Amino acid sequence: MANGESASKAATLSDVARLAGVSIATASKALNDRGDVAAATRARVLAVAEELSFTPNAMARGLLAGRTGTVGLLTSDLEGRFMIPILMGAEDAFGAGRINVFLCDARGDAIREQHHLKELLSRRVDGIIVVGRQTDPRPSLGQDLPVPVVYAYAPSDDPRDLSLTPDNYAGGRLAIEHLLACGRRRIAHISGEPSYAAAQDRLAGARAALSEAGLELVGEPMFSEWTEHWGRDAGALLLQRHPDIDAIFCGSDQIARGVLDSARDLGRAVPDDLAVIGYDNWEVLATNARPELTSIDANLQQLGRQAAQRVFDAIDGVDIGEGSHHLPVRLVIRGSTIARR
C-alpha cells in the first residue's frame, strides 16, 4: 500500500485500478457492480479500494457525482424488428432501477430527431445511444454535444464518432463457409435491395469465401425486395434456369422462406437436394419454416449491451475511442442445411 501517497491526497479511481492491476473501466465496473467482471477481479478491486479508503461517492450507486442517472435512446424505427433486440440489450445493460431511460422515436425524420435531441439534452441525460434502422451510414449528431454519444447498428458518417455495427461481411463469409463444409459447390445468392450496405457487404463476404475455395456464384446475384414473395419468384427462376444448383444463400430469412416454398413446389428436397441458408435469425420465421431454417444471427442484443457499456465507460471518464467497429455474428444451424435425423 502506498501509505505516503494516500496520506497526502484522497485515492482516485486511477489509483485503485493501478494497484489492482486492471483498467480504469474494469475498476469502475467492479465498484459499481455492473458489467462482465470476474468474481475474483471484483473482489481484488474492492479489497484495494478498501485498503486505499477509496470513497466513490455517487459511483457506488452506479453514477458519477453530478450526473442525473439518465440515458437517452434515440431510434429512427421503433417498430422495426431489428431495433427491439438492440434496445432490449441496452436495457439489460442499464439494469432495472439503476438508470432511467428516455426512449425517443424519430420515425426516420431528421427534424423530429433534432427535436428529440434537444429534449434529451434539456433533461440533462448523461449519454445517448443512437440506433439506426439499417447498416448504411447516417448523419452524425455532431461533435459539440455535451454528453457522449454511441451509434448502434447504423454507423455515423463521421469517423470521429464511435459506431458499433454487425459484421455483415463476416456474416456472408460464414454462410458460404458453412455451405462449403456441407459439401455444396454450386451456390447461388438471392438478396434484397441492392442499395443497402448490408446486402452488398454480405455479398462481398460470400464472394471472398467462394474465391478462396476456387469457386464462383452460380449466375449473377439476384436483388429486389426483402420479402418472401421475392424469395419465391427468384428461387423458382434460379432453380429452373440452373437446375444443378445445390445451395442458395439468402440475404434474409424472409427471402429464404420464399425459396423454401419454391423448392418444395419444384420437387427439390431440402436439404438433401438443396441447402438453403438465411440471414437475421428471425426466430419466428426460422423455427416455423419447413424444414427449420439455418441462419446468420447478427447478435443484436449483444450489440445493444455493448453500446450501453460504451456509454457507461464514457460517463466514467474512459476514452471509448472512435470509428466504426464491426461486432461478431454467429451461425445458427438448423435443418435447411443439415438434415435432422
Side-chain angles (χ1 to χ4, degrees), residues 167-194 196 198-282 285-287 289-298 329-341:
D167 194 339
N168 282 299
Y169 178 87
R173 289 187 62 97
L174 193 58
I176 296 300
E177 288 168 357
H178 173 63
L179 293 174
L180 293 174
C182 292
R184 312 296 171 156
R185 291 297 180 268
R186 294 192 53 79
I187 303 171
H189 182 49
I190 302 173
S191 195
E193 297 181 32
Y196 275 44
Q200 294 300 329
D201 291 343
R202 292 166 191 174
L203 172 60
R207 277 181 159 154
L210 283 168
S211 178
E212 290 175 10
L215 300 171
E216 295 181 348
L217 287 172
V218 175
E220 289 298 312
M222 303 181 70
F223 293 98
S224 185
E225 304 171 341
W226 304 99
T227 64
E228 289 189 44
H229 190 279
W230 165 239
R232 283 192 293 272
D233 291 347
L237 182 61
L238 263 179
L239 292 171
Q240 290 166 353
R241 184 175 295 173
H242 303 283
D244 56 346
I245 287 173
D246 60 15
I248 299 178
F249 167 36
C250 301
S252 77
D253 292 339
Q254 289 170 287
I255 293 172
R257 279 286 295 262
V259 168
L260 289 178
D261 288 346
S262 288
R264 187 178 304 111
D265 291 344
L266 295 172
R268 300 293 297 270
V270 177
D272 295 339
D273 298 336
L274 179 74
V276 178
I277 184 170
Y279 209 107
D280 300 326
N281 194 35
W282 191 3
L285 282 182
T287 60
R290 293 191 301 154
E292 291 190 355
L293 185 63
T294 294
S295 187
I296 303 296
D297 191 321
V329 299
R330 67 188 182 99
L331 171 69
V332 180
I333 299 174
R334 299 189 180 93
S336 67
T337 56
I338 296 180
R340 297 299 173 90
R341 306 298 181 188

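Every value quoted in this text rests on a predicted model; they were computed, and no experiment measured them.
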For residues 232-240, please give each side-chain donor-acceptor pair under 3.5 Å, one per line with the distance, not counting sequence neighbours.
from   : atom 1 : to     : atom 2 : distance (Å)
Arg232 : NH1    : Asp261 : OD2    : 3.4
Asp233 : OD2    : His229 : ND1    : 3.2

Got a list of side-chain donor-acceptor pairs under 3.5 Å for residues 206-224, not counting sequence neighbours?
from   : atom 1 : to     : atom 2 : distance (Å)
Glu212 : OE1    : Arg173 : NH2    : 2.9
Glu212 : OE2    : Arg173 : NH1    : 3.1
Glu212 : OE2    : Arg173 : NH2    : 3.2

Which donor-acceptor pairs under 3.5 Å do the side chains of residues 271-280 make with protein atoms, sequence neighbours left out?
from   : atom 1 : to     : atom 2 : distance (Å)
Asp273 : OD2    : Ala269 : N      : 3.2
Tyr279 : OH     : Asn168 : OD1    : 3.3

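Listed by chain and number, the residues in a side-chain hydrogen bond (donor to acceptor under 3.5 Å, both in side chains) with Thr294 are Thr337 (sequence neighbours excluded). Applying the side-chain hydrogen bond (donor to acceptor under 3.5 Å, both in side chains) rule to Asp201 yields no partners; only residues at least two apart in sequence or on another chain are considered. Listed by chain and number, the residues in a side chain to side chain contact (heavy atoms under 4.5 Å, CB included) with Glu292 are Thr287, Arg334 (sequence neighbours excluded). Take Glu225 and apply the side-chain hydrogen bond (donor to acceptor under 3.5 Å, both in side chains) test, not counting sequence neighbours, and it matches Thr227. Judged as a side chain to side chain contact (heavy atoms under 4.5 Å, CB included), and not counting sequence neighbours, the contacts of Asp167 are Tyr169, Ala170, His326. Residues that satisfy the ring pair (Phe, Tyr, Trp, His ring centres under 6.0 Å) test with Trp282, not counting sequence neighbours, are absent from this structure.
For residues 237-259, the set of pairs meeting the salt bridge (Lys or Arg N to Asp or Glu O under 4.0 Å) definition, not counting sequence neighbours, comprises Arg186-Asp244. Sorted by first and then second residue, the pairs that involve residues 230-273 and meet ring-ring contact (aromatic ring centres under 6.0 Å, His included), not counting sequence neighbours, are His189-Phe249.
The closest donor-acceptor contact from the side chain of Arg202 to the backbone of Ser191 lies at 3.5 Å or more, if one exists at all.
When all heavy atoms are compared, the tightest approach of Val270 to Ala263 is CG2-CB, 3.9 Å.
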